[in-house]
Structures are given as structure tokens and as C-alpha cells.
Amino acid sequence: MAEKIQFLGKSRFLNKNQRNTIRQALNKLCIKHNYIIDSLVYVHHSDEELLKLNQSALQHDNYTDIITFDLSDTVGVIDGEIYLSVDRIKENALTFGVGFNNEYHRVLSHGLLHLMGFKDKTKGEKAEMRKQEDLALLLFPD
């Protein structure tokens, strides 16, 4: 049986135990918000690869750490693809003075929270998203 949460692309830095630990935390986040996961795929890219996707899929011409695609047509069910830039996550960790794992877990959670309907366009939405990310980080072991 295939895992409901998959890690593809440049994710070789994660060993099996780390992937399983992350899956457990993300599943807890879903349970907390009354969601179940049907399929969730995290695809790890470089900055340049994610920039190309951002340009072609969203017509945005900027680097980003994450792009989320919601494929679900059922309320309460997660079915999505989340594309990450490992380069951008590393750089953001340095910029924000946090460890790579902390920033990586924040970005993983951020994408999942988007799939749950949380947005981050307005000041209020950004504040709520940051609050939810902080709470999600508590689900990951140190």
C-alpha cells in the first residue's frame, strides 16, 4: 500500500525515520483541523526549478519557497501537491535565524494549512497563518 504522504524530488536528505516522523506530525495537524488525507505529495525542487513552475503555472516571476495545488473536490479531505524549493528554505532559515528543520517543518505545515483553507493574502490572514504554523511546529519533535 502506498503512503498517503509522499516525498519526491530532491528529498534525499530525509531518511525513512524522518519521513515517518514528519508524516505523523502532518497527520496530527489534519486531525486537529478535522481533515483526513487522501493523497498529499511534497515535491522538492531547486530555486530555478520552482521559479519555472511559478512562471508557467501561476504567471508569477519570482522565487518562492512553496507552491500549493489543491486537487480535492471533497470538503474535509486533503488531496494536493505541494512543491518546495529546498534552496529557498535553506536561505530563509539563515535569514530568520532558525535551523533548517524548523523552517522546513514550517513550510511543510504552511502548504498543508493552505489545503485546509487558510490563506495569507491580507495582514489578518498572514497573522492567522503564522499562528497556525507556530502551533503546527509544536507537533514536530525537536
- With sequence neighbours excluded, residues passing side-chain contact (heavy atoms from CB on, under 4.5 Å) with Lys126: Asp120

- Note, Glu81 side chain near Gln6 side chain (heavy atom, < 4.5 Å): no

- Task: Decide whether Leu53 and Leu58 are clustered together by the hydrophobic rule: side chain heavy atoms of Ile, Leu, Val, Met, Phe, Trp, Tyr closer than 4.5 Å, transitively.
- Result: yes

- Task: Supply the atom-to-atom distance Glu91 CD to Thr95 OG1, rounded to the nearest 0.5 angstrom.
- Result: 5.5 Å

- If only atom types and distance count, is the side chain of Asp65 paired as donor or acceptor with the main-chain N or O of Ser85 below 3.5 Å? no

- Message: I'd like to check Leu113 versus Met129 (side-chain heavy atoms, cut-off strictly below 4.5 Å). Are they in contact?
- Response: yes

- Task: Determine whether Ile67 and Ile82 make a side-chain contact, defined as any pair of heavy atoms from C-beta on separated by less than 4.5 Å.
- Result: no

- Closest heavy-atom contact between Phe69 and Ala57? CZ-CB, 3.9 Å

- Query: From Phe118 CZ over to His110 NE2, what is the distance, rounded to the nearest 0.5 angstrom?
  - Reply: 11.5 Å

- Can you tell me if Glu128 uses its side chain to pair, donor with acceptor, with the backbone of Glu125 under 3.5 Å? no

- Note: Leu26 and Leu112 closest approach over all heavy atoms is O-CD2, 3.7 Å

- Query: Is any side-chain heavy atom of Asn92 closer than 4.5 Å to a side-chain heavy atom of Arg88?
  - Reply: yes

- Query: side-chain hydrogen bond (donor to acceptor under 3.5 Å, both in side chains) with Asn20: which residues, sequence neighbours excluded?
  - Reply: Arg23

- Task: With rounding to the nearest 0.5 Å, note down the distance linking CG in Asp87 to OG in Ser46.
- Result: 5.5 Å

- Query: What's the verdict on side chain to side chain contact (heavy atoms under 4.5 Å, CB included) for Phe13 and Val86, showing C-alpha distance, side-chain angles and the deciding distance?
  - Reply: CA-CA 10 Å; Phe13 62 90; Val86 177; 4.0 Å; yes

- Using the rule that two of Ile, Leu, Val, Met, Phe, Trp, Tyr join whenever any of their side-chain heavy atoms come within less than 4.5 Å, decide whether Leu29 and Phe7 are in one cluster. yes

- Contact check, side chains of Thr68 and Ile66, non-hydrogen atoms, under 4.5 Å: yes

- Note on the structure: Closest non-hydrogen atoms of Leu14 and Ile22, given as atom of the first, atom of the second and distance, are CD2-CD1, 3.9 Å

- Message: Under the side chain to side chain donor-acceptor pair (under 3.5 Å) definition, can you give me all pairs with a residue in residues 98-107, not counting sequence neighbours?
- Response: His44-Tyr104, Arg106-Glu133, Arg106-Asp134

- Passes ring-ring contact (aromatic ring centres under 6.0 Å, His included), Tyr83 versus Tyr42? Steps please. CA-CA 6 Å; Tyr83 294 80; Tyr42 287 96; 9.9 Å; no

- Task: Specify the closest pair of heavy atoms between Lys4 and Asp38, including all atoms of both residues, with the distance to one decimal.
- Result: CG-O, 3.8 Å

- Query: side-chain hydrogen bond (donor to acceptor under 3.5 Å, both in side chains) with Gln24: which residues, sequence neighbours excluded?
  - Reply: none

- Message: Any heavy-atom pair between the side chains of Asn54 and Asp61 that's under 4.5 Å?
- Response: no

- Item | Val107 with Leu8, same ILVMFWY side-chain cluster at under 4.5 Å | no

- Query: Is a side-chain N or O of His45 found less than 3.5 angstrom from the main chain of Glu49, in a donor-acceptor match?
  - Reply: no

- Query: Can you list the steps and then say if Lys28 with Ile31 is a side chain to side chain contact (heavy atoms under 4.5 Å, CB included)?
  - Reply: CA-CA 5 Å; Lys28 287 178 189 176; Ile31 291 167; 5.6 Å; no

- Message: Quick check for you: to the nearest 0.5 Å, what is the distance between Arg130 atom CZ and Leu135 atom CG?
- Response: 12.0 Å

- Query: For Lys131, does the NZ atom sit with more than 12 other heavy atoms under 6.0 Å from it, leaving out its own atoms?
  - Reply: no

- Honestly curious: do Val41 and Met116 fall in one hydrophobic cluster under the side-chain, below-4.5 Å linking rule? no

- Query: By the rule that ILVMFWY residues connect when side-chain heavy atoms come within less than 4.5 angstrom, directly or transitively, which residues belong alongside Tyr63?
  - Reply: Leu51

- Message: In this structure, would Phe96 and Leu137 fall into the same cluster of hydrophobic residues linked by side-chain contacts under 4.5 Å?
- Response: no

Do any side-chain atoms of residues 71-80 form donor-acceptor pairs under 3.5 angstrom with protein atoms, and if so which ones, sequence neighbours left out?
residue: Ser72; atom: OG; partner: Thr74; partner atom: N; Å: 3.1
residue: Ser72; atom: OG; partner: Thr74; partner atom: O; Å: 3.0
residue: Ser72; atom: OG; partner: Val77; partner atom: O; Å: 2.8

- Contact check, side chains of Leu84 and Val43, non-hydrogen atoms, under 4.5 Å: no

